[in-house]
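First the proteins, then the strands, lettered A, B, ... as listed; each starts at 1. These figures come from a predicted structure and were not determined experimentally. Below, each value reflects all heavy atoms present in this structure, side chains not excepted, and no hydrogens, waters or symmetry copies.
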Protein chains: 2
Amino acid sequence: MSQSIKYHHGNLKAELVSAALALLDEQGIEGVGIRQIARRVGVAHSAPANHFKNKQALFTALATQCFADLNCLLDEQVSPALDLSAAVHGICQCLLNYALTSPHRYSLMWRKDCVDTQNAELDAAMETVYQKLLSVLASHTQAKQVDIESQAIAIWSLIHGYVSLRLDGSLGKGQDDITGSDRSNAIVSVLLEGLL
Amino acid sequence: MSQSIKYHHGNLKAELVSAALALLDEQGIEGVGIRQIARRVGVAHSAPANHFKNKQALFTALATQCFADLNCLLDEQVSPALDLSAAVHGICQCLLNYALTSPHRYSLMWRKDCVDTQNAELDAAMETVYQKLLSVLASHTQAKQVDIESQAIAIWSLIHGYVSLRLDGSLGKGQDDITGSDRSNAIVSVLLEGLL
DNA sequence: AGTAAAAATGGACGGTGTCAATTTTGAGTC
DNA sequence: GACTCAAAATTGACACCGTCCATTTTTACT
């Protein structure tokens, strides 16, 4: 019967995920606990065990969802018609934006100690994002000394490092606003200059 | 009497730190717990509270120690007489080496959720390392469009990102050996090419 | 209708960090 | 050298947590 609370209400798994994401956004990774989530959804503390065998399994599902979301954002925001430089800048911009908007989600995505690194869906979701960067580089075939994979790793490292440092405040207190991606743009430009 | 276990054995704080570091190296951050450390040192579960008011305070001390260690390594391994490119490569090499040798220590250094980000000593230890990079860039004054701080952030981001990705296995399974820093060197070179 | 599997429940176990009251030790003072 | 007092270490308690278990309820299928 619609969304009334049934003993088996059928979509508890989905509700657990969404409650967990809300908790993650509000309180960070440390605030996300099985019992806490169950409490929020209004089920017994042990109910989630039927849908996620582990806390790790839950985190894995969350991270997978986050990568999928990020992938959607990339599809929306970086058109395949752009030239190389614009596309790479777009990807970086998109990543930075996502991280600043949902810092705890971004953190979780890289917390390999919370996640099942063997999980097929998570791997696929990660790989999809990474392939997006690779395909951008490949589509604009530039004859250059550096192979495409090295280029991708360089870009990936640079933006991930910059985002990580900004997220945990290791960079100076300057440019805190989302639009203040001037620094990010400048840095990416510098790298591209050496790359292309 | 020498190192026999006294009620006040005087150096328990230091012993706690070293036991914690050992535990960190062996089991990772999640394996480091107040009671576990106390057990290993052979004191009551609540003894550490006299020396560290918090688990966070303990982690802060550990991270500070790690930054100090890294700083020593930098002093040893990157001579101030080198030219710019060699110095930057040396710093990156040193960082990568430290991270691959002590992965859990490196992780802890950036786990701002485990650490008191307001702590003065930790801040100073971090700043000392960062200043080392800045001073290298400043000493070889190159007339270039990018200001020194942006250059430093770019380099810092790139190497931190690359190291982080390697540590949690997000890069392909290639080049796993410590000496296999070819990729790292290549990437840093590319960045420097655009930078200088 | 009857049965078997899935889903949700409450209770228990061992573990954690932190707090409080207590006992032991060490150093400094009369 | 006895006394004091603060620091250091002890035991115990509390509220959490993740995980397992036996039990009850619901659903789906024959």
Query raised in the report: Within a strict 4.5 Å, meaning less than it, do heavy atoms of the B:R183 and A:E149 side chains meet?
Result: yes
Query raised in the report: Between A:N119 and A:L122, is there a donor-acceptor pair closer than 3.5 Å when you use the side chain of the first and the backbone of the second?
Result: yes
All N/O donor-acceptor pairs, side-chain side in residues 54-68 of chain B, below 3.5 Å, sequence neighbours left out:
residue, atom, partner, partner atom, Å
B:K55, NZ, B:V32, O, 3.4
B:Q56, NE2, B:V115, O, 3.3
B:T60, OG1, B:Q56, O, 2.7
B:T60, OG1, B:D116, N, 2.9
B:T64, OG1, B:T60, O, 2.7
B:Q65, NE2, B:D69, OD1, 2.9

Report task. Please state whether the base of D:dA9 and the side chain of B:N50 form at least one donor-acceptor pair under 3.5 Å? Result -> yes
Query raised in the report: Do B:L133 and B:V129 touch side chain to side chain, with heavy atoms closer than 4.5 Å?
Result: no
Return all side-chain donor-acceptor pairs below 3.5 angstrom for residues 41-50 of chain B, not counting sequence neighbours, or 'none' if the list is empty.
residue, atom, partner, partner atom, Å
B:N50, ND2, B:A47, O, 3.4

Query raised in the report: Can you find a pair of side-chain heavy atoms, one from B:I155 and one from B:L192, that are under 4.5 Å apart?
Result: yes
**Report entry** Near-strand residues of residues 18-29 of chain A, defined as heavy-atom separation under 4.0 angstrom from DNA chain D
**Finding:** none
Requested in this report: Provide, to the nearest angstrom, the distance between the NE2 atom belonging to B:H45 and the C1' atom belonging to C:dA21.
Outcome: 13 Å
Query raised in the report: What's the CG-P distance between A:N11 and D:dT27, to the nearest Å?
Result: 13 Å
Requested in this report: Return the minimal non-hydrogen interatomic distance between A:R105 and A:D25, and the atom names on each side.
Outcome: NH2-OD2, 2.6 Å
**Report entry** A:E26 atom CD, neighbour heavy-atom count above 12 within 6.0 Å
**Finding:** yes
Requested in this report: Please state how far atom CG in B:L16 lies from atom P in C:dG17, giving the value in whole angstrom units.
Outcome: 13 Å
Report task. Could you check how far CD of A:Q56 sits from C1' of D:dT19, rounded to whole Å? Result -> 14 Å
Query raised in the report: Quick one: bend of the helix from C:dA1-D:dT30 to C:dC30-D:dG1 from 5 pairs per end, to 10°?
Result: 0°
Query raised in the report: Contact class for A:H51 vs. all strands (heavy atom < 4.0 Å): base, sugar-phosphate, or nothing?
Result: sugar-phosphate
Pick out the pairs of N or O atoms, protein on one side and nucleotides 14-16 of chain C on the other, that lie under 3.5 Å.
residue, atom, partner, partner atom, Å
C:dT16, OP1, B:Q36, OE1, 3.3
C:dT16, OP2, B:R39, NH2, 2.7

Query raised in the report: Can you name the salt bridge (Lys or Arg N to Asp or Glu O under 4.0 Å) partners of B:E76, sequence neighbours left out?
Result: none
Requested in this report: Starting at atom CG of B:L12, determine the distance to atom P of D:dA7, rounded to an integer number of angstrom.
Outcome: 16 Å
Query raised in the report: Any side-chain donor-acceptor pair under 3.5 Å between B:D168 and B:S170?
Result: yes
Query raised in the report: To the nearest angstrom, how far is B:E30 atom CD from D:dG18 atom C1'?
Result: 13 Å
**Report entry** Length of the line joining A:F52:CZ and C:dA8:P, which is rounded to integer Å
**Finding:** 12 Å
Requested in this report: Report yes if a side-chain nitrogen or oxygen of A:N54 is closer than 4.0 Å to either non-bridging phosphate oxygen (OP1 or OP2) of D:dT19; otherwise report no.
Outcome: yes
**Report entry** Polar side-chain contact B:S46-C:dG17 base: donor and acceptor under 3.5 Å
**Finding:** no
Query - A:H160 and A:Y106 aromatic ring geometry - parallel, tilted or perpendicular at 30°/60° bounds - result: tilted
